[in-house]
Every structure is written in C-alpha cells, then in structure tokens.
Amino acid sequence: ERLSATHTDSELLVQKLYGLYREQELWERAAHAGERLLKFTEAGEQQLLWHLELGELYRRHLKDLSRARFHFERVLEVLPEDSRALVGLAETFLERNEPTRAVNLYVKLLAQAEQTGDTERLLDLHLRLATLWQQQLKDPGSAVEYYSPNYPPLPTSVSSGGWFIIRRSE
C-alpha cells in the first residue's frame, strides 16, 4: 500500500492490490482500488467491465446501493441492452425496496430473451417475474401469468413439476 501511495501512476500495482484485496475480502479497499483502476482505463469495453465489477462489489459486499446503481447505469448509458448491467440494476432496485423498477428491468430482459429464442433464459425470467409479482408486489393474478406462460415449452429432459420445485427452492 505504501508503494502504491508513492507510485500513484502505476496501473499494474493498483491491479495487484485490487486482486489481493478481493482475495482477502477487504471489500472497501478493493472498491477504492477499483475506482482508481477506472481512472487508468480509457472509455471502452474494459472500462465497462470495471463498472460491472464495481457495481457487483458495491451491491453484494458493501451494500452501497447508490454506488452500485451508479456503476450499472454507467454501463447502460453506453450499452442500454447489456443483460449483466440490467440484472445488476434490477437486483439493486430490489434491495432498495423498489420492486416495480426491478420488474420493469426484468420485463426488458424477458423481451431480449424472446428475441433470441433462449428457452432456458425465458423460463428463468418467467419464474423470476412470477416470484416478484407474487412476493414483492403482492399481485398473484399477475404472478400466474408468468408461472404459466403459453411458451416456451419446458425442456423434455426435466419434468415440469420437478423443474418448478427445484427453481422455487432457490
């Protein structure tokens, strides 16, 4: 740390510190190092990856939901359809007790999955939305619509009852 204080322009040193702090679960120090790394990184894909990483770190480990939101929104300013940032922001809204905003983001993710035809993702999102409508928004009528969508069919290798039991217990 003393070395990084005197060598403030060493990106490699800050990267090493970031990895060390994460490994030791020193989340505040990791966040500080990550923020410093953002300053070294030019706008582009790597910077977006750092924003995603920091958003998750702030949300999961530091419970700093405003910083998490800030980082996820930076990604979405450049890539409005980025599913990782949409999920991160949706989960941030849930932790902020804003389920309606989270549902809106999950609906956007559902539309993406419908466009790509990703059956497994569609099932996951239908269940996530049904759970949110049922438990967070207390609207079982809307939940039923997502629990029993007309599509996609369940995978043939897993029975529908077992699949729902497994998914509900998560």
Side-chain angles (χ1 to χ4, degrees), residues 1-113 115-116 118-132 135-136 158 163 165-170:
E1 284 183 32
R2 281 181 270 151
L3 189 59
S4 79
T6 58
H7 294 83
T8 57
D9 60 341
S10 175
E11 181 178 0
L12 180 60
L13 183 59
V14 177
Q15 282 179 344
K16 295 290 184 185
L17 279 172
Y18 177 78
L20 182 65
Y21 293 148
R22 280 193 62 90
E23 189 176 299
Q24 294 179 3
E25 298 182 2
L26 298 170
W27 303 118
E28 286 186 30
R29 290 181 178 186
H32 179 70
E35 296 285 357
R36 285 180 62 193
L37 284 169
L38 262 177
K39 292 176 184 169
F40 286 119
T41 310
E42 292 183 27
E45 185 177 345
Q46 185 58 48
Q47 191 176 64
L48 296 177
L49 292 173
W50 277 117
H51 279 296
L52 285 169
E53 175 107 6
L54 286 168
E56 286 299 322
L57 188 149
Y58 281 114
R59 184 178 69 80
R60 290 179 185 217
H61 302 293
L62 295 174
K63 303 300 181 202
D64 184 340
L65 302 178
S66 10
R67 291 300 299 161
R69 179 180 175 180
F70 169 83
H71 285 288
F72 292 129
E73 286 178 344
R74 293 301 73 79
V75 175
L76 294 170
E77 284 174 2
V78 177
L79 299 171
E81 303 297 318
D82 187 278
S83 61
R84 299 162 300 180
L86 288 169
V87 169
L89 188 56
E91 291 301 315
T92 300
F93 283 139
L94 283 174
E95 290 179 37
R96 289 171 52 124
N97 199 28
E98 297 180 61
T100 304
R101 295 179 91 175
V103 164
N104 289 333
L105 292 172
Y106 276 113
V107 167
K108 186 172 185 174
L109 287 161
L110 183 66
Q112 287 178 359
Q115 285 180 335
T116 63
D118 185 345
T119 305
E120 187 174 329
R121 185 83 173 131
L122 280 167
L123 288 170
D124 287 342
L125 289 166
H126 273 276
L127 284 173
R128 184 69 176 134
L129 281 161
T131 301
L132 290 173
Q135 295 175 358
Q136 299 285 321
V158 179
W163 188 86
I165 291 168
I166 291 169
R167 301 306 290 185
R168 284 186 184 157
S169 66
E170 288 187 346

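Just the heavy atoms: all of them, side chains too, but no hydrogens, waters or symmetry mates, feed the values below.
Of all the heavy atoms in Ala33 and Tyr21, the pair that sits closest is CB-CD1, 4.3 Å. Looking at every heavy atom in both residues, Pro99 comes nearest to Leu94 through CA-CD2, 3.9 Å. The two residues Gly88 and Arg59 come nearest to each other via the heavy atoms O-CD, 3.8 Å. Considering every non-hydrogen atom in both Tyr18 and Ala30, the closest pair reads CD1-O, 3.1 Å. Taking both residues in full, the closest heavy atoms of Arg22 and Leu57 are given as NH1-CD1, 3.5 Å, listed atom of the first, atom of the second, then distance. Here the closest non-hydrogen pair linking Glu42 and Gln47 is O-CB, 3.5 Å.
A 6.0 Å sphere centred on CD of Gln24 holds more than 12 heavy atoms belonging to other residues, nucleotides or ligands. No more than 12 heavy atoms of other residues, nucleotides or ligands shown are found within 6.0 angstrom of NE2 on His32. Atom CD of Glu77 has more than 12 heavy atoms from other residues, nucleotides or ligands within 6.0 Å.
Leu54 CG to Asp64 CG: the interatomic distance, rounded to the nearest 0.5 Å, is 11.0 Å. Atoms CZ and CG, on Arg84 and Leu49 in that order, are 6.0 Å from each other to the nearest 0.5 Å. Interatomic distance, CZ of Arg60 versus CH2 of Trp27, reported as 10.0 Å (0.5 Å rounding). Atoms CG and CD, on Leu62 and Glu56 in that order, are 12.0 Å from each other to the nearest 0.5 Å. Rounded to the nearest 0.5 Å, atoms CD (Gln15) and CG (Leu20) are 13.5 Å apart. One finds the CG atom of Asn97 at 11.0 Å from the CG atom of Leu65 (value rounded to the nearest 0.5 Å).
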* Lys63 and Glu95: CA distance, side-chain angles, deciding distance, side-chain contact (heavy atoms from CB on, under 4.5 Å) verdict -> CA-CA 9 Å; Lys63 303 300 181 202; Glu95 290 179 37; 4.1 Å; yes
* Please step through side-chain contact (heavy atoms from CB on, under 4.5 Å) for the pair Arg69 and Arg96, ending with a clear verdict. => CA-CA 10 Å; Arg69 179 180 175 180; Arg96 289 171 52 124; 3.5 Å; yes
* Asked: Could you walk me through whether His51 and Glu73 pass the side-chain contact (heavy atoms from CB on, under 4.5 Å) check?
  -> CA-CA 9 Å; His51 279 296; Glu73 286 178 344; over 6 Å; no
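Residues His71 and Glu53 form no side-chain contact, since every pair of their non-hydrogen atoms from C-beta on lies 4.5 Å or further apart. Using a 4.5 Å heavy-atom threshold, the side chains of Leu52 and Phe72 count as touching. Put simply, the side chain of Gln112 reaches to within 4.5 Å of the side chain of Leu86, judged on heavy atoms.
With no hydrogens or angles considered, a side-chain donor-acceptor pair links Glu91 and Tyr106 at under 3.5 Å.
Leu110 pairs in a side chain to side chain contact (heavy atoms under 4.5 Å, CB included) with only one of the listed residues (Leu125, Leu105, Asp124), which is Leu125.
For the pair Glu35 and Arg67, the salt-bridge criterion is met [side-chain N within less than 4.0 Å of a carboxylate O].
Figure legend: Arg74 and Phe70 shown as a cation-pi pair, the cationic atom lying under 6.0 angstrom from the six-membered ring centre and within 45 degrees of its axis.
When atom types are taken as modelled, the side chain of Gln46 and the backbone of Thr41 share no donor-acceptor pair closer than 3.5 angstrom.
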